[in-house]
Amino acid sequence: MRTPFIAGNWKMYKTVAEGVALAESLRAAFDGLTGMDLAVCTPATALMAVGQALAGSNIGVGAQNMYWENEGAFTGELSPLMVKELARYVILGHSERRQYFGETDETVNRKFKAALAHGIVPIVCIGESLEQNRGGETVPFVAAQIHGAFAGISAEEARKVVLAYEPIWAIGTGLTATPEAANTIIREAIRDVLTELYDAETAQAIRVQYGGSVKPENMAEFIVMPEIDGALVGGASLKEASFGAIVKNALAALGKA
Ligand code: 13P
(Lines give C-alpha, C1' and ligand atoms only; values in the text may rest on other atoms or scores of the structure.)
Protein backbone atom coordinates (compact mmCIF):
# COMPACT_ATOMS: atom_id res chain seq x y z
CA MET A 1 0.00 0.00 0.00
CA ARG A 2 1.28 3.44 -0.94
CA THR A 3 0.95 6.11 1.73
CA PRO A 4 -0.91 9.12 0.30
CA PHE A 5 1.25 12.22 -0.01
CA ILE A 6 0.06 15.80 -0.40
CA ALA A 7 2.69 18.48 -0.93
CA GLY A 8 2.41 22.20 -1.40
CA ASN A 9 4.60 23.89 -3.99
CA TRP A 10 4.82 27.50 -2.88
CA LYS A 11 6.66 28.47 -6.09
CA MET A 12 8.03 32.05 -5.88
CA TYR A 13 5.67 33.13 -3.09
CA LYS A 14 6.19 33.79 0.63
CA THR A 15 8.79 35.81 2.48
CA VAL A 16 10.45 34.06 5.41
CA ALA A 17 7.96 35.57 7.87
CA GLU A 18 4.96 34.64 5.71
CA GLY A 19 6.27 31.12 5.21
CA VAL A 20 6.84 30.59 8.93
CA ALA A 21 3.34 31.84 9.73
CA LEU A 22 1.80 29.41 7.23
CA ALA A 23 3.97 26.56 8.48
CA GLU A 24 2.94 27.24 12.06
CA SER A 25 -0.75 27.18 11.21
CA LEU A 26 -0.34 23.94 9.23
CA ARG A 27 1.52 22.43 12.15
CA ALA A 28 -1.26 23.43 14.52
CA ALA A 29 -3.85 21.85 12.21
CA PHE A 30 -2.05 18.63 11.25
CA ASP A 31 0.61 17.71 13.79
CA GLY A 32 0.19 14.08 14.76
CA LEU A 33 -1.64 13.18 11.55
CA THR A 34 -1.04 9.58 10.56
CA GLY A 35 -1.77 7.68 7.38
CA MET A 36 -0.78 10.53 5.07
CA ASP A 37 2.49 12.31 4.34
CA LEU A 38 2.50 16.09 4.06
CA ALA A 39 5.17 18.51 2.87
CA VAL A 40 5.68 22.12 1.90
CA CYS A 41 8.19 23.02 -0.80
CA THR A 42 9.31 26.53 -0.04
CA PRO A 43 11.53 29.09 -1.73
CA ALA A 44 15.20 28.44 -0.86
CA THR A 45 15.28 31.54 1.34
CA ALA A 46 12.58 30.13 3.64
CA LEU A 47 13.82 26.52 3.91
CA MET A 48 15.72 26.95 7.14
CA ALA A 49 13.12 28.97 9.04
CA VAL A 50 10.20 26.86 7.84
CA GLY A 51 12.19 23.73 8.69
CA GLN A 52 12.70 25.05 12.21
CA ALA A 53 9.00 25.89 12.51
CA LEU A 54 8.13 22.32 11.46
CA ALA A 55 10.96 20.50 13.30
CA GLY A 56 9.74 17.32 14.94
CA SER A 57 6.35 17.54 13.20
CA ASN A 58 5.05 15.17 10.54
CA ILE A 59 5.15 17.90 7.88
CA GLY A 60 8.25 17.62 5.71
CA VAL A 61 10.08 20.42 3.95
CA GLY A 62 11.13 20.41 0.32
CA ALA A 63 13.19 22.57 -2.00
CA GLN A 64 11.91 23.42 -5.49
CA ASN A 65 15.07 22.85 -7.49
CA MET A 66 18.72 21.85 -7.09
CA TYR A 67 21.90 21.51 -9.15
CA TRP A 68 23.70 18.17 -9.42
CA GLU A 69 27.27 19.15 -8.48
CA ASN A 70 28.27 19.08 -4.81
CA GLU A 71 30.00 22.45 -5.02
CA GLY A 72 31.69 24.73 -7.50
CA ALA A 73 31.51 27.97 -9.44
CA PHE A 74 27.79 27.79 -10.27
CA THR A 75 26.43 31.18 -9.30
CA GLY A 76 22.88 31.12 -8.07
CA GLU A 77 22.59 27.35 -7.72
CA LEU A 78 21.99 25.13 -4.68
CA SER A 79 23.91 21.89 -4.32
CA PRO A 80 22.55 18.59 -2.97
CA LEU A 81 24.75 19.05 0.11
CA MET A 82 23.07 22.39 0.80
CA VAL A 83 19.57 21.12 0.15
CA LYS A 84 20.15 18.03 2.27
CA GLU A 85 20.94 20.19 5.31
CA LEU A 86 17.53 21.84 5.13
CA ALA A 87 15.07 19.63 3.25
CA ARG A 88 13.83 16.07 2.97
CA TYR A 89 12.38 16.53 -0.52
CA VAL A 90 13.28 18.35 -3.71
CA ILE A 91 10.98 19.06 -6.64
CA LEU A 92 12.79 18.29 -9.92
CA GLY A 93 11.79 19.03 -13.48
CA HIS A 94 8.73 21.14 -12.73
CA SER A 95 7.21 22.29 -16.03
CA GLU A 96 7.94 25.91 -15.11
CA ARG A 97 11.65 25.02 -14.81
CA ARG A 98 11.50 23.15 -18.11
CA GLN A 99 9.68 26.04 -19.81
CA TYR A 100 11.52 29.08 -18.40
CA PHE A 101 14.88 27.75 -17.24
CA GLY A 102 15.88 25.26 -19.90
CA GLU A 103 15.52 22.03 -17.93
CA THR A 104 15.52 18.89 -20.02
CA ASP A 105 14.98 15.20 -19.36
CA GLU A 106 18.77 14.93 -19.23
CA THR A 107 19.27 17.61 -16.57
CA VAL A 108 16.35 16.17 -14.60
CA ASN A 109 18.06 12.77 -14.73
CA ARG A 110 21.36 14.21 -13.44
CA LYS A 111 19.55 15.99 -10.60
CA PHE A 112 17.53 12.85 -9.85
CA LYS A 113 20.77 10.83 -9.46
CA ALA A 114 22.32 13.55 -7.28
CA ALA A 115 19.25 13.63 -5.01
CA LEU A 116 19.34 9.85 -4.58
CA ALA A 117 23.09 9.90 -3.90
CA HIS A 118 22.47 12.30 -1.02
CA GLY A 119 19.34 10.74 0.43
CA ILE A 120 17.01 13.54 -0.68
CA VAL A 121 13.60 12.34 -1.89
CA PRO A 122 13.02 13.71 -5.40
CA ILE A 123 9.52 14.73 -6.49
CA VAL A 124 9.96 14.42 -10.25
CA CYS A 125 7.39 16.27 -12.36
CA ILE A 126 6.17 15.14 -15.76
CA GLY A 127 3.27 16.22 -17.92
CA GLU A 128 2.20 17.24 -21.40
CA SER A 129 1.32 20.57 -23.02
CA LEU A 130 -2.15 21.44 -24.27
CA GLU A 131 -0.98 20.95 -27.85
CA GLN A 132 0.34 17.48 -27.08
CA ASN A 133 -2.83 16.66 -25.20
CA ARG A 134 -5.04 17.77 -28.09
CA GLY A 135 -2.82 15.95 -30.56
CA GLY A 136 -3.24 12.64 -28.72
CA GLU A 137 0.48 12.59 -27.86
CA THR A 138 0.16 12.54 -24.09
CA VAL A 139 1.03 8.90 -23.42
CA PRO A 140 4.13 8.70 -25.67
CA PHE A 141 5.34 12.12 -24.47
CA VAL A 142 4.99 11.37 -20.75
CA ALA A 143 6.41 7.87 -21.30
CA ALA A 144 9.49 9.46 -22.91
CA GLN A 145 9.86 11.82 -19.93
CA ILE A 146 9.80 8.76 -17.64
CA HIS A 147 12.44 6.99 -19.73
CA GLY A 148 14.61 10.12 -19.65
CA ALA A 149 14.24 10.76 -15.93
CA PHE A 150 14.96 7.16 -14.89
CA ALA A 151 17.90 6.48 -17.25
CA GLY A 152 20.63 4.63 -15.36
CA ILE A 153 18.64 4.41 -12.13
CA SER A 154 18.29 1.01 -10.43
CA ALA A 155 14.97 -0.47 -9.30
CA GLU A 156 15.99 -0.08 -5.68
CA GLU A 157 16.70 3.62 -6.18
CA ALA A 158 13.65 4.15 -8.35
CA ARG A 159 11.36 3.12 -5.48
CA LYS A 160 12.49 6.14 -3.45
CA VAL A 161 11.12 8.70 -5.89
CA VAL A 162 7.77 10.47 -5.87
CA LEU A 163 6.34 11.38 -9.28
CA ALA A 164 3.98 14.26 -9.93
CA TYR A 165 1.86 14.05 -13.06
CA GLU A 166 1.04 17.66 -13.87
CA PRO A 167 -0.57 18.38 -17.24
CA ILE A 168 0.94 21.78 -18.10
CA TRP A 169 -2.39 23.11 -19.35
CA ALA A 170 -3.95 22.44 -15.93
CA ILE A 171 -1.35 24.38 -13.93
CA GLY A 172 -2.67 27.66 -12.57
CA THR A 173 -5.47 27.72 -15.13
CA GLY A 174 -8.42 26.40 -13.14
CA LEU A 175 -8.66 23.59 -15.69
CA THR A 176 -8.00 20.04 -14.55
CA ALA A 177 -7.64 16.73 -16.25
CA THR A 178 -10.65 14.60 -15.42
CA PRO A 179 -9.74 12.21 -12.62
CA GLU A 180 -10.43 9.29 -14.97
CA ALA A 181 -8.13 10.69 -17.69
CA ALA A 182 -5.36 11.41 -15.18
CA ASN A 183 -5.73 7.90 -13.79
CA THR A 184 -5.46 6.34 -17.26
CA ILE A 185 -2.41 8.42 -18.20
CA ILE A 186 -0.67 7.52 -14.95
CA ARG A 187 -1.37 3.84 -15.63
CA GLU A 188 -0.36 3.82 -19.30
CA ALA A 189 2.43 6.39 -19.41
CA ILE A 190 3.90 5.88 -15.94
CA ARG A 191 3.14 2.53 -14.27
CA ASP A 192 3.20 0.43 -17.45
CA VAL A 193 6.46 2.10 -18.49
CA LEU A 194 8.00 1.57 -15.04
CA THR A 195 6.91 -2.07 -15.21
CA GLU A 196 8.76 -2.41 -18.52
CA LEU A 197 11.83 -0.58 -17.21
CA TYR A 198 11.90 -2.43 -13.87
CA ASP A 199 9.17 -4.78 -12.68
CA ALA A 200 5.56 -4.63 -11.51
CA GLU A 201 6.53 -4.46 -7.86
CA THR A 202 8.70 -1.39 -8.40
CA ALA A 203 6.07 0.27 -10.57
CA GLN A 204 3.44 -0.32 -7.88
CA ALA A 205 5.69 0.96 -5.08
CA ILE A 206 6.24 4.45 -6.56
CA ARG A 207 3.85 7.16 -5.43
CA VAL A 208 2.32 9.34 -8.13
CA GLN A 209 0.72 12.67 -7.27
CA TYR A 210 -1.65 14.59 -9.50
CA GLY A 211 -0.98 18.32 -9.92
CA GLY A 212 -2.78 21.11 -11.73
CA SER A 213 -5.51 23.30 -10.21
CA VAL A 214 -6.07 21.01 -7.23
CA LYS A 215 -8.54 22.64 -4.87
CA PRO A 216 -10.61 21.64 -1.82
CA GLU A 217 -13.58 21.01 -4.15
CA ASN A 218 -11.81 18.56 -6.47
CA MET A 219 -9.29 16.79 -4.19
CA ALA A 220 -11.63 13.95 -3.24
CA GLU A 221 -12.35 12.88 -6.81
CA PHE A 222 -8.62 12.63 -7.61
CA ILE A 223 -7.47 10.90 -4.43
CA VAL A 224 -10.00 8.07 -4.77
CA MET A 225 -8.53 7.10 -8.15
CA PRO A 226 -6.50 3.89 -7.80
CA GLU A 227 -3.38 5.24 -9.52
CA ILE A 228 -3.37 8.66 -7.82
CA ASP A 229 -1.57 8.77 -4.47
CA GLY A 230 -1.93 12.42 -3.57
CA ALA A 231 -1.38 15.87 -4.97
CA LEU A 232 1.22 18.51 -5.68
CA VAL A 233 -0.66 21.72 -4.97
CA GLY A 234 0.38 25.16 -6.21
CA GLY A 235 -1.91 28.16 -5.68
CA ALA A 236 -4.19 26.49 -3.16
CA SER A 237 -1.20 25.59 -0.94
CA LEU A 238 -0.52 29.24 -0.14
CA LYS A 239 -3.26 29.56 2.48
CA GLU A 240 -3.91 27.38 5.49
CA ALA A 241 -7.65 27.46 4.79
CA SER A 242 -7.39 25.99 1.29
CA PHE A 243 -4.43 23.65 1.86
CA GLY A 244 -5.98 22.46 5.11
CA ALA A 245 -9.32 21.82 3.39
CA ILE A 246 -7.54 19.85 0.64
CA VAL A 247 -5.88 17.62 3.24
CA LYS A 248 -9.12 17.17 5.19
CA ASN A 249 -11.13 16.37 2.09
CA ALA A 250 -8.53 13.84 0.99
CA LEU A 251 -8.57 12.16 4.40
CA ALA A 252 -12.37 12.03 4.38
CA ALA A 253 -12.46 10.59 0.86
CA LEU A 254 -9.99 7.88 1.91
CA GLY A 255 -11.98 7.11 5.04
CA LYS A 256 -9.10 8.27 7.27
CA ALA A 257 -10.77 11.33 8.75
P1 13P B 1 -1.65 25.01 -9.35
O2 13P B 1 -2.16 24.13 -8.23
O3 13P B 1 -1.54 26.45 -8.97
O4 13P B 1 -2.38 24.76 -10.63
O5 13P B 1 -0.12 24.54 -9.58
C6 13P B 1 0.17 23.20 -9.75
C7 13P B 1 1.64 23.03 -9.71
O8 13P B 1 2.35 23.44 -10.60
C9 13P B 1 2.22 22.37 -8.53
O10 13P B 1 3.56 22.06 -8.74
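Counting starts at 1 for both ligands and their atoms, following the listed order.
- On a distance-only criterion, Thr173 and ligand 1 share no N/O pair closer than 3.5 Å.
- Remark: Met225 CE is packed, more than 12 non-hydrogen atoms of other residues, nucleotides or ligands lying under 6.0 Å away.
- Using a cut-off of 4.0 Å between Lys/Arg side-chain N and Asp/Glu carboxylate O, Arg191 and Asp199 are scored as not salt-bridged.
- In this structure, a donor-acceptor pair under 3.5 Å is present between the side chains of His94 and Glu166.
- Remark: ligand 1 atoms within the under-4.0 Å shell around heavy atoms of Gly212 are 4 (O), 6 (C).
- Those atoms of ligand 1 that come under 4.0 Å of a heavy atom in Asn9, given as number and element, are 9 (C), 10 (O).
- Annotation: Phe243 is not in aromatic contact with Phe30 [ring centroid separation under 6.0 Å not met].
- Surrounding CZ of Phe141 are more than 12 heavy atoms belonging to other residues, nucleotides or ligands, all under 6.0 Å away.
- In this comparison of Glu166, Gln64, Lys11, the heavy atom closest to atom 5 (O) of ligand 1 sits on Lys11.
- Taking every non-hydrogen atom of Leu232 and a distance limit under 4.0 Å, the qualifying atoms of ligand 1 come out as 9 (C), 10 (O).
- For atom 2 (O) of ligand 1, the nearest protein heavy atom (residue, atom name, distance) is Gly234 N, 2.9 Å.
- The side-chain heavy atoms of Asp105 and Arg98, taken from C-beta on, include a pair separated by under 4.5 Å.
- The number of heavy-atom neighbours closer than 6.0 Å to CZ of Arg134, taken from other residues, nucleotides and ligands shown, is 12 or below.
- Between Ala170 and ligand 1 there is a heavy-atom distance shorter than 4.0 Å.
- Not one N or O of Ala236 is nearer than 3.5 Å to an N or O of ligand 1, by distance alone.
- The shortest N or O to N or O distance between Gly235 and ligand 1 is under 3.5 Å.
- Checked for salt-bridge contact, Glu157 and Lys113 miss the test: no charged N lies under 4.0 Å from a carboxylate O.
- Taking any N or O of Gly211, backbone or side chain, none lies under 3.5 Å from an N or O belonging to ligand 1.
- Of the polar atoms of Ser213, at least one N or O is found under 3.5 Å from an N or O of ligand 1, judged by distance alone.
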